[in-house]
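What you see is a predicted model, and the numbers here were worked out from it, not measured in a lab.
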Amino acid sequence: MFSAYYQSLEEREKLVLWLGGVCALVLLAYLIWRPLSESNEHLLQQVAEKRALAAWMERAAEEVLHLQVNGTYVQHSNVPLQRLITHKTNELNLKPARMQSKGESEVQLSFDKANFNMVLTMIDRLHVDGVILKQANVRATDMPGRVKAQLTFGR
C-alpha cells in the first residue's frame, strides 16, 4: 500500500519525503539518543566511583576491626575534656569552626575544611588519652584531602 502511494508521488515530493525522514533521524539522534547516551556514561562513571568508595570503606572497616582486636594502650587523663581537646587541636594545627561543651563529659567539634589525616590523628591521640569518639559525621569537600566534620567526644 505504501509502495503504491510512494510510486504515485512526483520526484519533488519523494525528495521532500526523504529529506523529512533524514531530518527526523537526525533529530532523534540529537534530541533523544545522545542525551540518553551521555546520561548513561555519567551513571556508569558514578557507579565506578561508588564501588571504589565502597571498597575503600570495606578496607577501612577491616583495619578498624583489626585495631579493635589488637587494642591500644589507653591512659586516662585527668585534664578537663575541653582543655585536652583544645591542646590536641592546637598541637596538630587544626582550627575548629566551633567547639561546644556539653557538661564536663562531652564536647562537640566542627571543622569546615580540615585536613582529613590530621583529624584522624587527633582522634587517635585523644583515644590514647582515654577520650572516646561518640559520634562522627565526616563529608568530603571540593578540596582534595579536606573534609567537613562534626565530631562528638566524651569520656
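Arg34 pairs by the side-chain hydrogen bond (donor to acceptor under 3.5 Å, both in side chains) definition with Glu38, not counting sequence neighbours. With sequence neighbours left out, Trp18 forms a side-chain hydrogen bond (donor to acceptor under 3.5 Å, both in side chains) with Tyr6. Qualifying side-chain hydrogen bond (donor to acceptor under 3.5 Å, both in side chains) partners for Asn40, counting only residues two or more places apart in sequence or in other chains: none. In terms of the salt bridge (charged side-chain N to carboxylate O under 4.0 Å, His left out) criterion, residue partners of Glu11 (sequence neighbours excluded) are, by chain and number, Lys14. Among residues two or more places apart in sequence or in another chain, the side-chain hydrogen bond (donor to acceptor under 3.5 Å, both in side chains) test is passed with Arg98 by Gln100. In terms of the side-chain contact (heavy atoms from CB on, under 4.5 Å) criterion, residue partners of Leu31 (sequence neighbours excluded) are, by chain and number, Leu27. Not a single salt bridge (charged side-chain N to carboxylate O under 4.0 Å, His left out) links Arg83 to another residue, sequence neighbours left out. Applying the salt bridge (charged side-chain N to carboxylate O under 4.0 Å, His left out) criterion to Glu10, with sequence neighbours excluded, gives no partner residue.
The hydrophobic cluster of Met143 has no other members, since no ILVMFWY side-chain heavy atom comes under 4.5 Å of it.
In terms of hydrophobic clustering, with Ile, Leu, Val, Met, Phe, Trp and Tyr side chains grouped at heavy-atom distances under 4.5 Å, Leu36 and Leu28 are assigned to a common cluster. Linking ILVMFWY residues whenever their side-chain heavy atoms come closer than 4.5 Å, directly or via other members, leaves Ile123 and Ile132 in distinct clusters. By the criterion of side-chain heavy atoms lying less than 4.5 angstrom apart, applied directly or through intervening Ile, Leu, Val, Met, Phe, Trp or Tyr residues, Val138 is grouped together with Phe111 in one hydrophobic cluster.
Considering every non-hydrogen atom in both Ala29 and Pro35, the closest pair reads O-CD, 4.5 Å. Closest of all the heavy-atom pairs between Glu13 and Leu9 is OE1-CD2, 3.3 Å. Here the closest heavy-atom approach between residue Leu81 and residue Phe153 is recorded as CD2-O, 4.0 Å.
Arg155 has its side chain within reach of Val131: a pair of non-hydrogen atoms, C-beta onward, lies under 4.5 Å apart. Side chains of Arg59 and Glu63 form no contact here, defined as non-hydrogen atoms less than 4.5 Å apart. Using a 4.5 Å heavy-atom cutoff, the side chains of Leu151 and Leu133 are in contact.
Rounded to the nearest 0.5 angstrom, Gln46 CD and His42 NE2 are separated by 3.5 Å. Put simply, CD on Gln108 and CD on Gln135 are 7.5 Å apart, with the number rounded to the nearest 0.5 Å.
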When the side chains of residues 113-122 are checked against the rest of the protein, which donor-acceptor pairs come out under 3.5 Å, sequence neighbours left out?
from	atom 1	to	atom 2	distance (Å)
Asn115	OD1	Asn117	N	2.9
Asn115	OD1	Met118	N	3.2
Thr121	OG1	Asn117	O	2.9

Show me the donor-acceptor pairs, under 3.5 Å and distance only, between side chains in residues 86-97 and residues at least two apart or in other chains.
from	atom 1	to	atom 2	distance (Å)
Thr86	OG1	Gln82	O	2.8
His87	NE2	Glu91	OE1	3.2
Lys88	NZ	Asp129	OD2	3.2
Thr89	OG1	Ile85	O	3.2
Thr89	OG1	Thr86	O	2.9
Asn90	ND2	Thr86	O	3.3
Glu91	OE2	Arg125	NH1	2.8
Asn93	OD1	Lys95	NZ	3.0

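Residue pairs that meet the salt bridge (charged side-chain N to carboxylate O under 4.0 Å, His left out) test with at least one member in residues 132-147, sequence neighbours left out, are Glu106-Lys134.
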